[in-house]
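Below is one structure, written out as structure tokens; the observations come after it.
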Amino acid sequence: MSFDRAELLHLLPCHLCGDLPEGVSEQVDVALREDEELRAMYDTLVVSREECGRLLEAAREAVPELAELGHAPPPEHHERTVPPTRSWGLALGVAAALLLTVAAAVQERPNTVEQGFFDTHAAATQAPGLLSGPGLPETLRAAGVEPRLAKAPDLSAQGFALVGVMPVLGGGVAVVYEKDGKRYVCQIYAAVPTSLHPDRVEQVGPVLLRGFERGDQAAVSWSSGGRTCVFSGEAPVGELLAVVRQRLQS
Amino acid sequence: MAEPAPGPAISLSEARLVQRLRRGEPAALQELWTRWRGPVWAVCRSMSADRAAGVRLLAGLYAELGAQTRSWREDRPLCCAVAAWVLTGVKRELQLPDLAGIHAPLPDAAVRVDRPTAQRRLASLPPETRLVYLVDLMFRCPASLTAELTGWSEDQIRAARANAAWSLVAAEGA
């Protein structure tokens with residue numbers, strides 16, 4: 001299947017949102033690499049979307065309180081109990097227990113998608129039962145990971161040694177690496193919406209990288225081919241951006 | 001399209017919150033409101049001429065929140081459920097027309113716009129396409145999921161997205 005120019009122009013807004021089937025998205029990526037004029041038009045969409053994003057951000061200020069809306073505040077917060085761990089199976093049992101622990105510990109923090117990335121980073125780097133060894137893709141699929149997400153990218157050329165993989169909710173994976181005594185995690189999901197509030201952004205070809213910082217940790221997310229990947233670690237966001245940039249350009 | 005783009009992942013904490021919302025726990029509603037009132041307000045304020053109108057719009061949405069959340073699904077991303085609530089609520093409150101017959105104007109030329117131009121062009125979009133663009137920008141749900149949760153046409157949601165996006169960058173006179 002190939003697309004004419006009009007079809008490509010129609011697809012570009014959805015491509016920018018990461019909202020195209022994988023095969024279609026890959027074809028659009030190829031077209032953007034080969035057609036400078038098309039790429040220039042795509043860049044205008046990127047810029048206008050970022051500007052509108054900043055306008056929306058500014059509109060978030062001075063959120064009305066409930067009293068201003070004519071409503072009384074809801075009752076006081078009640079103490080919650082951790083629900084029983086479900087029967088996830090041997091491969092997921094340890095990971096699920098750790099996720100519950102981390103989720104309960106961070107309940108009071110704002111529940112943005114990006115905070116979820118850092119929560120998963122914490123769970124993956126602490127998980128004792130990471131999956132590894134030969135036949136890893138098959139093991140991951142047996143553990144419920146979507147086949148197209150059952151990957152452990154090889155980052156050995158950049159000095160990252162594979163430690164193991166943890167399935168995450170939603171059929172994705174968290175791949176744990178080690179370099180210079182520190183652990184890094186590459187999370188791979190089906191396309192996930194991210195917020196508008198990255199601390200850094202960088203364009204690498206047709207791919208937009210979003211960098212987030214939380215204390216001494218950072219994470220970089222990007223979407224391509226119907227997948228969202230997140231690379232996280234205890235490092236400056238610029239350092240992680242450089243790793244991802246190098247990987248995408250290789 | 002042959003098959004839809006895959007949906008977003010769902011966090012464990014989100015699924016737990018939705019369980020509690022379905023049970024009608026007031027504390028869960030408070031938690032949801034605390035987490036999402038900022039993005040929802042941003043859309044309401046952007047769809048309104050002034051703050052007072054935005055407050056009225058937000059109040060209309062909030063009045064329906066408790067009833068809406070009783071039917072939210074744990075296997076659907078929370079941000080998409082919130083997005084659908086905003087879309088249907090704003091459409092109802094502002095009496096916007098259904099998405100129908102939207103075509104994206106594909107320009108021959110596009111320009112990089114600065115923030116004042118983006119603001120001006122955003123304000124001049126038809127409100128129903130502006131709403132889709134803003135909610136899409138804030139919550140970033142796949143069109144297929146938005147269609148499922150709102151009952152709207154996925155094709156028209158995508159058309160509204162493309163219509164707004166290209167209208168914002170069309171070269172003058174193009």
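Because the structure is predicted, anything quoted here is derived from the model rather than measured.
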Legend entry - Part of A/A40 lying under 4.5 Å from any heavy atom of chain B: neither
Legend entry - Salt-bridge criterion met for B/D108 and A/R5 (N-O under 4.0 Å): no
Inset, instruction - Any chance you could measure A/R60, atom CZ, to B/R37, atom CZ, to the nearest 0.5 Å? - result: 10.5 Å
Legend entry - Minimum heavy-atom distance A/L69-B/A59, with the two atoms named: O-CB, 3.7 Å
Inset, instruction - Measure across B/V113 and A/E51 and return the closest heavy-atom pair with its distance rounded to 0.1 Å. - result: O-CG, 3.9 Å
Inset, instruction - Taking only Lys NZ, Arg NE, NH1 and NH2, and the carboxylate oxygens of Asp or Glu, determine whether A/D19 and B/R161 approach each other closer than 4.0 Å. - result: yes
Legend entry - Minimum-distance pair of heavy atoms, taken over all atoms of B/L168 and A/C52: CD1-SG, 3.8 Å
Inset, instruction - Drop me the distance from B/M138's CE to A/L56's CG, to the nearest 0.5 angstrom. - result: 4.5 Å
Legend entry - Distance-minimising heavy-atom pair for A/T44 and B/V169: O-CG1, 3.5 Å
Legend entry - Selection from B/D136, B/N163, B/D75 maximising heavy-atom pairs under 4.5 Å formed with chain A: B/D136
Inset, instruction - Find the one option among A/V46, A/L55, A/D43 whose heavy-atom pairs under 4.5 Å with chain B are most numerous. - result: A/L55
Inset, instruction - Taking only Lys NZ, Arg NE, NH1 and NH2, and the carboxylate oxygens of Asp or Glu, determine whether B/R112 and A/E50 approach each other closer than 4.0 Å. - result: no
Inset, instruction - Using modelled atom types only, decide if a donor and an acceptor are shared between the side chain of B/R51 and the backbone of A/A62 within a distance under 3.5 Å. - result: yes
Inset, instruction - Pick whichever of B/L58, B/D114, B/T117 has the most heavy-atom pairs under 4.5 Å with chain A. - result: B/L58
Legend entry - From A/L66 atom CG to B/W33 atom CH2, the distance as rounded to the nearest 0.5 Å: 6.0 Å
Legend entry - Which portion of A/E65 sits near chain B, non-hydrogen atoms under 4.5 angstrom: side chain
Inset, instruction - Mark yes or no for whether B/W166, through its side chain, and A/L9, through its backbone, hold a donor-acceptor pair below 3.5 Å. - result: yes
Legend entry - Nearest atoms (heavy-atom pairs only) where B/A162 meets A/P13: CA-CG, 3.8 Å
Inset, instruction - Take B/R45 and A/V63 through the side chain to side chain contact (heavy atoms under 4.5 Å, CB included) test and state the conclusion after the steps. - result: CA-CA 9 Å; B/R45 183 63 186 90; A/V63 180; over 6 Å; no
Inset, instruction - Examine whether an atom of A/L16 lies under 4.5 Å from a heavy atom of chain B, and if so say whether it belongs to the side chain, the backbone or both; otherwise answer neither. - result: neither
